[in-house]
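Below you'll find the structure, written out as structure tokens, and then a few comments.
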Amino acid sequence: MAACGYISAANFNYLVGARNISKFASSDATISFSFGGSDSMGLTLRPAPIRAPKRNHFSPLRVVCVDYPRPELENTVNFVEAAYLSSTFRASPRPLKPLNIVIAGAGLAGLSTAKYLADAGHKPILLEARDVLGGKVAAWKDKDGDWYETGLHIFFGAYPNVQNLFGELGINDRLQWKEHSMIFAMPNKPGEFSRFDFPEVLPSPLNGIWAILRNNEMLTWPEKVKFAIGLLPAMLGGQPYVEAQDGLSVQEWMKKQGVPERVTDEVFIAMSKALNFINPDELSMQCILIALNRFLQEKHGSKMAFLDGNPPERLCMPIVDHIQSLGGEVHLNSRIQKIELNDDGTVKSFLLNNGKVMEGDAYVFATPVDILKLLLPDNWKGIPYFQRLDKLVGVPVINVHIWFDRKLKNTYDHLLFSRSPLLSVYADMSVTCKEYYSPNQSMLELVFAPAEEWISRSDDDIIQATMTELAKLFPDEISADQSKAKILKYHVVKTPRSVYKTVPNCEPCRPIQRSPIEGFYLAGDYTKQKYLASMEGAVLSGKLCAQAIVQDSELLATRGQKRMAKASVV
């Protein structure tokens, strides 16, 4: 699942609307957010959710609140592979003199890079442009003490590097695992849902096949059979086949394989919007096949968890604490203004907006690709490695939070696929997340996508459109005119450039982490790694970036010695 939004080391502002309202207000605002100015960094959890037994999944007007035990992930091939990669940093020979590595961007990619470099005995110096950690998982506290986020973040069982990271930090208990299901709204039956339930007693891929076969509301048997036949080449061809489908959109691939259009309409519009915030006519089929492969090949791959609170404090701060405990540094309000070069075209320093000059033995850009392209030195723009980045462009996305005056009943303790033309996924965070729990009021967090036509629209327009769609999902509880549930307040977070847009033929343009510029590296979900635009992709890219730097450490140390010697002569 992709994450919405970004925080970077360059001058890209969020467009955010925050309102306490009795009626819709007007105008957007560009706001600088405060992390240091919010309440105590410590977390006080609200009362735990009331537990209720499971009920028939077709009953409208219901709430089920159940957290499930952490699934057994440790024996999966991908988890073991990720754990081994983590162990190589801790086991690597200690350097005689730690390298100073300057890293731009404190999102998950930058934090991961810094964490694993610190594990290897080096000194990361992490620079974040804003005063909040997290990048695409950043969040802010409003004047009422309520948190709002850049996106609705889901942690899958098929995220082995993320799951290892939680374990390495000792925070596995901060993930709230939900029942192993995927739940879709039924547009033709307002207020009702259809489920794909994965039985715990079956191994993969049988549990996934069973979930599909048991669901008769969304696909007919002939459609299931044709879809299964269409998928056979992917099942038999493995990863080489999956990678070869990068040139086709989801819609093109479905047509080529003879899959009925209704399969795309019923399932893959929602899945495409959830994965990359765009529709199937734009999304590369490779993205869908990678997700299906992970979900079908790992028993708990599609099982979902919510973080138990706001990401900056509950996920990012433990990483920062770990980095600092090993001698690394993390600096907020440190925006990169310019990449300064030596005569030979290598990086001399990062010049910050505040006038500070940051020098190191190596340099990493862990910002979104759009930021890198803005700050790319002219001397580098003719290099094919950097030229190919032009194909990679961030996709716009909008995240909406609405606080209502009552507890909505027609919801689940889970992520829900809206199947709305305007909305992607949503959740009642007052139920799914411990820190956001409320016994009396619901807070819906919704991903508004595709957002390209809406990113410049007013917050009022977005909220009105959202309420019209919610009236279909909650016909007995919400109306567009608020004659039923009333809005107490809302926050709208607009991100003009989020994760890279995974369109056909962009896979060859994704760069490896080691650039052709000696001592300069990249990290970010857009760089080459097998999990595409996701939190898992960001964390893995950071590990691969750190791995490249550790492999190059002797070369970088020698380069640093020559630089020092040259400086002393001058």
Side-chain angles (χ1 to χ4, degrees), residues 1 3-4 35 38-54 62-71 73 108 132-134 137-142 144-157 159 162-163 165-167 169-181 183 300 303-321 399-404 406-409 411-416 425-447 488-489 491 493 535:
M1 186 71 65
C4 309
F35 183 67
S38 58
D39 289 350
S40 168
M41 295 290 286
L43 174 65
T44 302
L45 294 180
R46 300 178 185 179
I50 299 170
R51 306 299 189 206
K54 294 175 70 175
R62 58 188 289 282
V63 177
V64 176
C65 303
V66 179
D67 283 344
Y68 287 72
R70 184 178 184 274
L73 304 172
L108 289 181
V132 60
L133 297 165
V137 300
W140 303 269
K141 185 181 284 190
D142 67 16
D144 301 317
D146 294 314
W147 288 88
Y148 55 102
E149 307 178 8
T150 56
L152 183 48
H153 309 296
I154 299 298
F155 297 81
F156 284 96
Y159 280 3
V162 168
Q163 298 300 335
L165 179 62
F166 272 79
L169 296 170
I171 58 173
N172 276 331
D173 60 345
R174 297 188 183 187
L175 288 178
Q176 292 182 253
W177 290 95
K178 308 305 178 183
E179 59 185 322
H180 198 169
S181 302
I183 307 173
H300 303 293
K303 194 162 189 173
M304 306 179 206
F306 285 72
L307 192 62
D308 67 359
N310 72 87
E313 291 181 351
R314 300 299 285 168
L315 173 55
C316 299
M317 275 308 301
I319 305 175
V320 169
D321 291 341
N399 207 47
V400 178
H401 305 69
I402 304 178
W403 283 259
F404 289 96
R406 65 196 66 184
K407 197 72 171 177
L408 300 173
K409 299 176 182 177
T411 189
Y412 288 80
D413 180 14
H414 214 298
L415 181 77
L416 301 171
V425 292
Y426 71 99
D428 186 344
M429 299 298 282
S430 71
V431 175
T432 62
C433 175
K434 289 179 183 177
E435 186 182 10
Y436 303 162
Y437 172 74
S438 171
N440 302 315
Q441 298 169 348
S442 284
M443 187 274 274
L444 295 186
E445 184 172 348
L446 314 103
V447 179
L488 296 178
K489 66 177 180 179
H491 291 286
V493 181
M535 292 186 290

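Residues take their numbers from the sequence shown, with the count starting at 1. No experiment lies behind these values; they were computed from the predicted model shown.
When the salt bridge (Lys or Arg N to Asp or Glu O under 4.0 Å) test is applied to Arg174, no partner is found at least two apart in sequence or on another chain. Applying the ring pair (Phe, Tyr, Trp, His ring centres under 6.0 Å) criterion to His180, with sequence neighbours excluded, gives Phe198. Residues passing the side chain to side chain contact (heavy atoms under 4.5 Å, CB included) test with Ala427, sequence neighbours excluded: Leu152, Phe306, Met429, Thr432. The side-chain hydrogen bond (donor to acceptor under 3.5 Å, both in side chains) check on Glu149 picks up Tyr436, with sequence neighbours excluded.
Rounding to the nearest 0.5 angstrom, the gap separating the CG atom in Asp413 from the OH atom in Tyr68 is 8.5 Å. Between Ile402 atom CD1 and Ser442 atom OG the span is 11.5 Å, to the nearest 0.5 Å. Expressed to the nearest 0.5 Å, how far OH of Tyr412 lies from CD of Glu179 amounts to 8.0 Å.
Tested against Asp308 for a side chain to side chain donor-acceptor pair (under 3.5 Å), the candidates Lys434, Gln176, Arg314 yield a single pass: Arg314.
Between the side chain of Asp144 and the main chain of Asp146, no donor-acceptor pair closer than 3.5 Å is present. Side chain of Gln441 to main chain of Trp403: no donor-acceptor pair is present (N/O by atom type, distance under 3.5 Å, no hydrogens or angles). A donor-acceptor contact shorter than 3.5 Å links the side chain of His414 to the backbone of Ser181.
Remark: the Ser438 side chain and the Asn440 side chain contain no N/O donor-acceptor pair separated by less than 3.5 Å.
Closest heavy-atom contact between Trp177 and Phe156: CH2-C, 4.2 Å.
Taking the six-membered ring wherever Trp is involved, the centroid distance between the rings of His401 and Trp147 does not fall below 6.0 Å.
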Could you go through Val425 and Ile154, starting from their C-alpha distance and side-chain angles, then the distance that decides it, and tell me whether this counts as side-chain contact (heavy atoms from CB on, under 4.5 Å)? CA-CA 11 Å; Val425 292; Ile154 299 298; over 6 Å; no
